[in-house]
Each structure stands twice: as structure tokens, then as C-alpha cells.
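Everything on this sheet refers to the single structure shown next.
Numbers here are sequence positions counted from 1.
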Amino acid sequence: VLLAAQGGRKNPHKGWAKGMEAAAAVARGAAGRKFRLHLVGADGAREGEAGGLATRSLGYVTEPARVADCYAACDLMLFPSEAEPLGLVALEAAACGRPVAAFATGGVPEIVREGETGALARAHTPEALAEAARRVLAAPTEDWTARCAAFVAREHPAGRCAREHRTLYARVLAARG
């Protein structure tokens, strides 16, 4: 199962069209493997097909436990965004033990680290993203689960962000007098 978020499909910077092309290319090139693309963030749940790939739209998913279930059910999170300051979706996937195939843009390489939490496409093309996805899918899921969990525990431990924000706000307030 490949997972992709489609909340920004009307925004060209989110890479929706390239992501769909990449997913279809992965499915076409996977001898003996069947793939289904699960889409999160669209209006309503429905089944369909795109580029010869079976798709299932799960609709908007906001409940944290259900979001985690969506990540846990996939083999790979496809993240085709072409302009992303951080890539929270990629971090969420890693926190759930799932690797990410993404374009190397903005802050995404801080989360998606080649061979550790996924694979990066240097060129912003569907072919490059499909190749990154294939590199991820070549390794057993269990290997990715352990590496992703270790990365999140080391680089983004629970509570650190809140502590850092409190420290920053305290500094700003102190400077203002």
C-alpha cells in the first residue's frame, strides 16, 4: 500500500500530478507485486483507479489514532511536495515507523534521510520520485520501522519542540523588557 496526502492537490507546489505519475510508475514497474494507492485528505471515501493503479480515497482523517492507523497500514508514504518548509507529514510517517519517498526540497531532507527514514529524489520529476520509492520498497518494512523510530526518538523527542518554543518566547519577552 502506498499512501499519499491529497489535501493540497489544487496547489501546484504540493506536486500532486507528479506524485500520481510516480505512484503509477512504481506500480507498473513492480513485477509480481500489486499496489494500491490510499489517498488521505479528499472529500469523501471512494474507490477508483488512476493511471492504472487502484486507488482508495479515505477522505479527511483528523482523529490522531486514525491518522496513525493510516500510516501504519502503508508500506510507503509518497510525499511529492515541491515546496515545503519542514514536511510535517513526513515526520508523522516516520513517527509511525513508515518510510517516505520525497523530493529533496526545503526542509524535507532534514526529515527524510536517505536510507534512514526514506529516500529522496534530487530531480523534481515523477521518474525520480518513483525511483526513490523503489529504493524504499526494496528493503523489508521491518528495517524501515526500526530506523524511522530511532530517528524520531533521537531527533524529535516528545516535548522538545514545546521546550524550545518556551525558551524562545521567554527570550523574546525578556528582550522586549
Inset, instruction - State, with a plain yes or no, whether a side-chain heavy atom of V67 is found less than 4.5 Å away from one of T62. - result: no
Inset, instruction - Output yes when E47 and R36 qualify as a salt bridge under the 4.0 Å nitrogen-oxygen rule, no when they do not. - result: yes
Legend entry - Salt-bridge present (E155, R160; N to O < 4.0 Å): no
Inset, instruction - Show the numbers, then the answer: is there a side-chain contact (heavy atoms from CB on, under 4.5 Å) between F103 and K18? - result: CA-CA 10 Å; F103 291 124; K18 290 180 182 179; 4.2 Å; yes
Inset, instruction - Mind running side-chain contact (heavy atoms from CB on, under 4.5 Å) on I111 and H156 for me, showing each step along the way? - result: CA-CA 10 Å; I111 305 299; H156 298 276; 3.6 Å; yes
Inset, instruction - I would like to know whether F35 and V1 meet side-chain contact (heavy atoms from CB on, under 4.5 Å); could you show each step before the answer? - result: CA-CA 6 Å; F35 287 98; V1 173; over 6 Å; no
Legend entry - From K34 atom NZ to L53 atom CG, the distance as rounded to the nearest 0.5 Å: 11.5 Å
Inset, instruction - Give the cluster check for Y71 versus L78: same hydrophobic cluster or not, with ILVMFWY residues linked at side-chain heavy-atom distances below 4.5 Å. - result: no
Legend entry - Given T145, V136, D75, the one that forms side-chain contact (heavy atoms from CB on, under 4.5 Å) with R98: T145
Legend entry - Residues which pass ring pair (Phe, Tyr, Trp, His ring centres under 6.0 Å) with H13, listed by chain and number, not counting sequence neighbours: none
Legend entry - Atom pair CD/OG1 of E131 and T125 - distance to nearest 0.5 Å: 10.5 Å
Inset, instruction - Determine yes or no for a side-chain-to-main-chain donor-acceptor pair under 3.5 angstrom, with E114 supplying the side chain and L120 the backbone. - result: yes
Legend entry - Identified side-chain contact (heavy atoms from CB on, under 4.5 Å) partner of M77 from the options V100, T117, V40: V100
Inset, instruction - Evaluate the side-chain contact (heavy atoms from CB on, under 4.5 Å) criterion for residues M20 and L37: first the C-alpha distance (whole Å), next the side-chain angles of each, then the deciding distance (0.1 Å), finally the verdict. - result: CA-CA 9 Å; M20 291 300 290; L37 178 63; 3.6 Å; yes
Inset, instruction - Drop me the distance from T55's OG1 to E49's CD, to the nearest 0.5 angstrom. - result: 7.5 Å
Inset, instruction - Could you grab the distance from atom SG of C70 to atom CG of L39, nearest 0.5 Å is fine? - result: 11.0 Å
Inset, instruction - Could you pull out all residues at least two apart from A139 that satisfy side-chain contact (heavy atoms from CB on, under 4.5 Å)? - result: W144, R147
